Amino acid sequence: MNVNHAMQNLPPYLFARIEQKTAEAREKGIDIINLGIGDPDRPTPKHIIDRMATAIYDGANHQYPSSVGLLEFRAAVADWYNRRFQIQLDPKTEVVTLLGSKEGIAHISFTYLDKGDISLVPDPGYPVYGIGALLAGGQSYMMPLKAENGFLPVLEDIPSDIARQAKLMFLNYPNNPTGAIAGLDFFVKVVEFARQYDILVCHDAPYSEMAFDGIVLPSFLQAPGAKDVAIEFHSLSKTYNMTGWRIGWAAGNRDAIEALGRFKSNVDSGVFQAIQYAGIEALKGPQDTIKENCKIYQERRDVAMAGLRKMGWDIKAPQATFYLWAPVPRGYNSASFAELILEKAGVIITPGNGYGEHGEGYFRIALTVSRERMQEAFARMYKVLGKVEF
Ligand SMILES: Cc1ncc(COP(=O)(O)O)c(C=O)c1O
């Protein structure tokens, strides 16, 4: 019996392949430094774990949760938006709880795309945007993100017949994998574009709190009129070192939030309530670990930038996210360069082509190992590469 057409075209998830390569190298006894996966290496703050510990003993939390999440959690999200971005959200209608933002990002395509409908997807980009469209029977139109445009899509380059057929547009700032940031001025232009073509903008913002050099980043929902055309995906994963807990949300346009909630009520049964209480604690409790994390990532970024510059890379240091995006040296493509670095230096980097066609010729480094391991990784790379040329 054959799996369906979409499944036949679905590759194993990018990091599943990388995990397999890492396991193989480790089996050979190689000391691997993994700069591949964007998973915080720091623990979840203790006060959040403590809240979980209490909540887990409460029998009321052992039953099916609401699929759209506890109102108390959604209210904590609305409060957070208000405090952080001065945005008012109605927790009942403008926030839905997700099993991690990845889940909602994949499922929103099922709620908006009919067969053959177009989704505008950044390239390079987080793979789930395009995978959602593929699984829902839609099509992705790739919006190239190029260095010369600050890794922002050029809206004027989207052909108007494509824009007319498009139902969704995904954006993600601060950006994975490029580390680029976008200002409110860009979001304002996107709102106008979305209004003109009747498109739902899905802004994915899990890195909004991971910023360096003292900068503070905007929410898409701060653009005037954004709630008419957009939702924003967000997550506790990166802000509070909670990737394993699986809790996030979408907020914004009430029709889209209602559709996503109704879809979810039919396919999943929500986030374990004890985790939602831990999530409330994360959003409402002490926020100092965010600053501490940013300081640590910024130091690691500086170590990595110094390492790259010593070898000849001339790139701008990212001001947000824990990713560095850099071109491969002359004579390599993304895959051959990542392979060389794994085999000769025992360092895992992510080949840029895993994020789309326009990621070819690039690689991504995640700042998710200690400063010392980062130094060790770059010392090993220097031994292998010396000075590089482009
Ligand atoms: C751009 C982007 N969006 C969404 C996610 C998913 O985050 P989560 O499902 O843990 O909320 C990630 C995770 O790496 C990401 O990089």
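Predicted, not measured: the structure shown is a model, and the values here were computed from it. Counting starts at 1 for both ligands and their atoms, following the listed order.
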Can you tell me if Tyr332 has over 12 outside heavy atoms packed within less than 6.0 Å of its OH? no
Using a 6.0 Å distance limit plus a 45 degree cone around the ring axis, check whether Lys310 lies over the aromatic ring of Tyr382.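 Judged by the rule (NZ or CZ under 6.0 Å from the ring centre, within 45° of its axis), Lys310 counts as positioned above Tyr382.
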Between [X] and [Y], does any side-chain donor sit less than 3.5 Å from a side-chain acceptor?
X      : Y      : result
Lys167 : Tyr112 : no
Tyr81  : Glu232 : yes
Tyr362 : Tyr355 : no

Side chain, backbone, both or neither: [X] near ligand 1, heavy atoms under 4.0 Å:
X      : value
Tyr173 : neither
Phe233 : neither
Pro206 : side chain
Ile105 : side chain
Arg246 : side chain

Distance under 4.0 Å to a non-hydrogen atom of [X]: what atoms of ligand 1 satisfy this?
X      : answer
Lys238 : 13 (C), 14 (O)
Tyr129 : 1 (C)
Asn172 : 1 (C)
Gly100 : 9 (O), 11 (O)
Ser237 : 8 (P), 10 (O), 11 (O)
Asp204 : 1 (C), 2 (C), 3 (N), 4 (C)
Asn176 : 1 (C), 15 (C), 16 (O)

When you compare ligand 1 with Lys102, is there at least one nitrogen or oxygen pair between them that comes in under 3.5 angstrom?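 There is such a contact, yes.
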Are any of the N or O atoms of Tyr207 closer than 3.5 Å to those of ligand 1? yes
Hey, do the aromatic rings of Trp80 and Tyr240 have their centres closer than 6.0 Å?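 Not close enough - the centres of the two rings lie 6.0 Å or further apart.
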Lys264/Glu103 ion pair, N-O < 4.0 Å: yes
For residues Leu113 and Met142: do they belong to one hydrophobic cluster (side chain heavy atoms under 4.5 Å, members Ile, Leu, Val, Met, Phe, Trp, Tyr)?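 Leu113 clusters together with Met142.
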Check for me, please, whether Phe233 and Leu168 land in the same ILVMFWY cluster - side-chain distances under 4.5 Å, paths through other members count.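 Looking at the clustering, Leu168 is in the same group as Phe233.
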Within this structure, what is the CD1-CG distance for the pair Ile341 and Leu385, rounded to the nearest 0.5 Å?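 Answer rounded to 0.5 Å: 4.5 Å.
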Euclidean distance, Leu171 CG relative to Phe186 CZ, rounded to 0.5 Å: 5.0 Å
Contact check, Gly248 vs ligand 1, heavy-atom distance below 4.0 Å: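 Distance cut 4.0 Å: Gly248 fails for ligand 1.
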Give me the residue, atom name and distance of the protein heavy atom closest to atom 7 (O) of ligand 1. Ser101 OG, 3.3 Å
I need the nearest protein heavy-atom contact for atom 6 (C) of ligand 1: residue, atom name and distance, please.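 Atom 6 (C) of ligand 1 sits closest to the protein heavy atom Tyr126 OH, 3.2 Å.
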